[in-house]
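Step one of this worksheet: look at the structure below.
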Amino acid sequence: MEYDFNAIEKKWQAKWNENETYRVTEDPAKKKFYVLDMFPYPSGAGLHVGHPLGYIASDIFARYKRHQGFNVLHPMGYDSFGLPAEQYAIETGQHPAITTKNNIARYRQQLDQIGFCYDWSREVRTSDPSYYKWTQWIFAQLFDSWYNLDTDKAESISTLVAKFEENGSYNVNASIDQEWYKHLSMDEFPLFGEHFAGEFTATDWKSLSEKQQQLILMNYRLTYLADSVVNWCPALGTVLANDEVKDGRSERGGHPVEQKLMRQWMMRITAYAERLLNDLNTIDWTDSIKEIQRNWIGRSEGAKVLFGIDGHDDMIEVFTTRPDTIFGVSFMTLAPEHTLVAQITTSEYKAEVEAYVEKAAARSERDRQSDTKEISGQFTGAYALHPFTGKKIPIWIGDYVLASYGTGAVMAVPCGDQRDWDFARHFRIPIPNIFEGVNVDDEAHTDKTTPICESEFLNGINGKDAIARAIEELEKIGAGEGKINYRLRDAVFSRQRYWGEPFPICYKDGVPYEVETEQVTLPPVDKYLPTEDGEPPLARANQEDWNIWEGDRMEFNTMPGWAGSSWYFLRYMDPQNDAEFCSKEKAAYWGQVDLYMGGAEHATGHLLYSRFWTKFLADHGYIEFNEPFKRMINQGMIQGRSSLVYRVVNTNKFVTFEKKGEYETQTLHVDISIVDNDILDQDAFKQWRAEYANAEFILNDDGKYTCGWEIEKMSKRWYNVQTPDELVEKYGADTLRCYEMFLGPIEQHKPWDTKGISGVHNFLRKFWRLFHDSDNNVQLSDDAATADELKALHKAIKKVSEDLDRFSWNTVVSALMIAVNELGELNCNKRSILEPLTVLLSPYAPHVAEELWERLGRTDSVVDQSWPAFNADHLVEKAFAYPVQINGKVRFKIDLSLDLNPGEVEKEVLAHEKAAQYLEGKEPRKVIVVPGRIVNVVV
RNA sequence: GCGGGUGUGGUGAAAUUGGUAGACACGCUAGACUUAGGAUCUAGUGCCGCGAGGCGUGGGGGUUCGAGUCCCUCCACCCGCACCA
């Protein structure tokens, strides 16, 4: 075999390994470039061809940047805590650490054969105690921090305590639940009276016991314990974050999810909502991902308004974006889950309200969301009091109001909001009009610019002015204030799972404290299931099973999957440091990730949490940047291409695709490994499964069986999974790398199809042949290159460089093919051409490039060669075949010197016989000459 | 409903600022070489038409000497959000 890719690839992978070719260290003399792949979960199923798509693209880019003289950080590791290993542990009893280790070994072997330039000395695993030690440390930093809105950043809790000691709560402007004091158990705080509303003096603070102080501080911390309504998944025995729930079911496993009140660790990501939103403008991500995040954060400006309740002390707080329409309020709607519902409902309506609440609770979130047409609600019998007019406003409950958004209560303005209008119309509630010259009999009027009437001080004004004025007046009477509301919720951070980071937390007298003496590691347990009384698996461990036990008990929850992946890009910079999560100097040198390659599916999870933790660490000065990933490219998914055979109904005969219309057939999937270019290997098919052993075939006119095909998800079920292993075996890693890039634009979803891989393989063989004679002996010339050869080379240098700079990986392969085709035609075997060409190839096909580099007589590695310099002189043309358009349509071409000026070109064109033919003796109306491009004659 | 994206030959696709639509590759057709190889080479291959020629980038309209590219409008598909107050 002339191009023995298997031997070549093994040889160079071993050499790279031996020479530590891809090991990098900080080098202040060089500019850095950080290329990162999204953290993979090492699943037991291994890789299919879709997985390495992004890895190949980033690997090519990393190599390209290295050729350009950058010090390139290109690491890889494993997000190795996670459900599948735990699930396997539950089923088999095998410790998840063992499963994880085995899976990683397989993963690594698969990655290695593709020839990536990862610096494996920097590998990290989130489940490794030396890694999660620092995940726990970051958690502890969050626990020990509060968000100061005055400085707009996170600060150590000690600065808060100092403020409390100096002036009580009065000068504290923290990001905190405005009603935090309602969650304090007043039995614990006899000092605070009945009317305690969260404010206390320095003297109060100093008189509080340690426990009391801790209970208060808990409400300020960036990670805090709170009773919150969580997405509880009984089948998984755990809570899920909002983004882990899809359509009311768990993203993993598709199990039903219900709402449940539980005491959970929370992450105060909402403190960062504004910064997470604004800083999207500083990063180079696709619009679609930025848009998804903006949507998820869901900022809206408006006002908080307080409504009194007739006969009660409580107030109903609502959030509205249209405080200017406050005089149009004709009813209030509370979410059925609203805490005040039970209190305010009158005895007369008690039964109906309870029935409605029960009905709403029984409906799954999904039902409530999908059913938007049917209007339902129930009057409570209670009345709110309008803050300005004092008028009584009926209070309803309705499930179109979501407990989780805003305050769970709406001031309904039917004339200005379509949902309120629909509700009012349905229940025959009056629809007072407050818009000048507008009819609201048939629908609500949502235009903000219409002047307002019937509204006291708001009469005659509109839009922003009216909103500002309304807020001003609300503040004057103490019934509200301007407010910005976010859809973003604080993230639940507890999981009732075994295979995750244990919290560095113990409890004393019910109060959580950080364990600081030693790292808490996962204790062994007898089973990986919850305890009988529903405690998480860690509760199974006895005191002596824990490496450390403080206080009354340890925390039994573990951290969620996204904990370890929220900061892993930092650990790569300094993976072995056991004194810090990452040294400040190294973080400063490597800085932001310059190119992040990964899927778009993490838009609201990982990509938001990483940004949050980065900002937090920057607030404390551990790192110098606010955003983790400067530029991100989202690779598209590779779909499977299934092969189909057609069985004639009730027979064992299979009819070829071309003739299936002549029979009544049943379509069956067939393993793609026994199909080549849609032609079925009939013998292999008979052996594939016992039931097909006696299969007969109705063939096409060429005596072949053609399969049909369909694009669907790559899955074992459809027998359409293509592993990289088979292709590496058959064509080599270099071919696989080039082919995956050649498939099309990186961001696009595309079906996998091995049709065409032979073309890419041929290209590498042609490349090889430029260096060798027909007996596969190296034959190279030291003669000077011709102008044509230099032109072919420099055309490629230009195109390859430009395309890589704009992340157009697919067109680079074409450019290299063109160069090889042209040089092949010229029978070029000149060193001066092939050396730079080999460097151009090396990011895509590093193994064969190294081999050829060696055959060129070089003893150094091709990966360290500087990128060939482009010289435009070699592309200068003397003549050009001008396409000549007559009225915008190309009619003929004319060879002209490029030295001619437009006037001369025009003259030559008009003198051409073809031009005369189209002009039919008439004078052209206009002639446009674009030098070196085109000529257009307007007749 | 709102937001984002995509739509080009039989197939994957290319065309970077408006300037030769379909580069490159697969597949296909014909031929050469060959005692069979998933080999190589040559020529052809957007569609219609014998041809001259006509038509062609999801549909319709517009701007322009010139539109895949810009504008308007409609359609289809994919992704995200969705009673957001």
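Naming convention: chains lettered A, B, ... in sequence-line order (proteins, then strands); numbering from 1 in each chain. What you see below is based on every heavy atom in this structure, not just the backbone, and it leaves out hydrogens, waters and symmetry mates. None of the values given here were measured: they were computed from a predicted structure.
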What's the CG-P distance between A:N887 and B:rU64, to the nearest Å? 15 Å
Taking syn as any angle within 90 degrees of 0 and anti as the rest, which one fits B:rG22? anti
Phosphate contact (B:rA15 OP1 or OP2) by A:R806 side-chain N/O below 4.0 Å: yes
How would you label the contact of A:K799 with the nucleic acid (heavy atoms, under 4.0 Å): base, sugar-phosphate, or nothing? base
Does the ring centre of A:F742 sit less than 6.0 Å away from the ring centre of A:F763? no
So A:V930, base contact, sugar-phosphate only, or nothing? Heavy-atom distance under 4.0 Å. base
Base, sugar-phosphate, or nothing: which does A:K798 touch, judged by heavy atoms less than 4.0 Å apart? nothing
Mind checking A:N762 for me? I need base, sugar-phosphate or nothing, with any heavy atom below 4.0 Å counting as a touch. sugar-phosphate
Can you tell me if A:N821 touches the phosphate of B:rA25, counting only side-chain N or O atoms and a distance under 4.0 Å to OP1 or OP2? yes
Using a 4.0 Å heavy-atom cut-off, does A:P751 contact any base of the nucleic acid, only the sugar-phosphate backbone, or nothing at all? nothing
For A:I326, does its backbone N or O pair with a side-chain atom of A:H386 as donor and acceptor, under 3.5 Å? yes
Using 4.0 Å as the upper bound for N to carboxylate O, is an ion pair formed by A:K483 and A:E481? no
What's the CD-P distance between A:E802 and B:rA15, to the nearest Å? 12 Å
Any side-chain N or O of A:K926 less than 4.0 Å from the OP1 or OP2 oxygen of B:rC65? yes
A:R765 side chain near B:rA39 phosphate (N/O to OP1/OP2, under 4.0 Å): no
Short side-chain N/O contact from A:N810 to OP1 or OP2 of B:rA14, under 4.0 Å: yes
Less than 3.5 Å apart, any donor N or O on the side chain of A:T754 or A:Y739 sitting next to an acceptor on the other? no
Mind checking A:S288 for me? I need base, sugar-phosphate or nothing, with any heavy atom below 4.0 Å counting as a touch. sugar-phosphate
RNA chain B: 5'-proximal contact among A:I928 and A:S758 (nearest heavy atom): A:S758
Between CE of A:M817 and C1' of B:rG12 the distance, given in whole Å, is 12 Å
Please tell me which of the listed nucleotides, B:rG5, B:rA85, B:rA14, lies nearest to the side chain of A:T811? B:rA14
C1' atoms of B:rA43 and B:rC33, separation to the nearest Å: 15 Å
For A:R891 and B:rG54, is the shortest distance between a side-chain N/O and OP1 or OP2 below 4.0 Å? yes
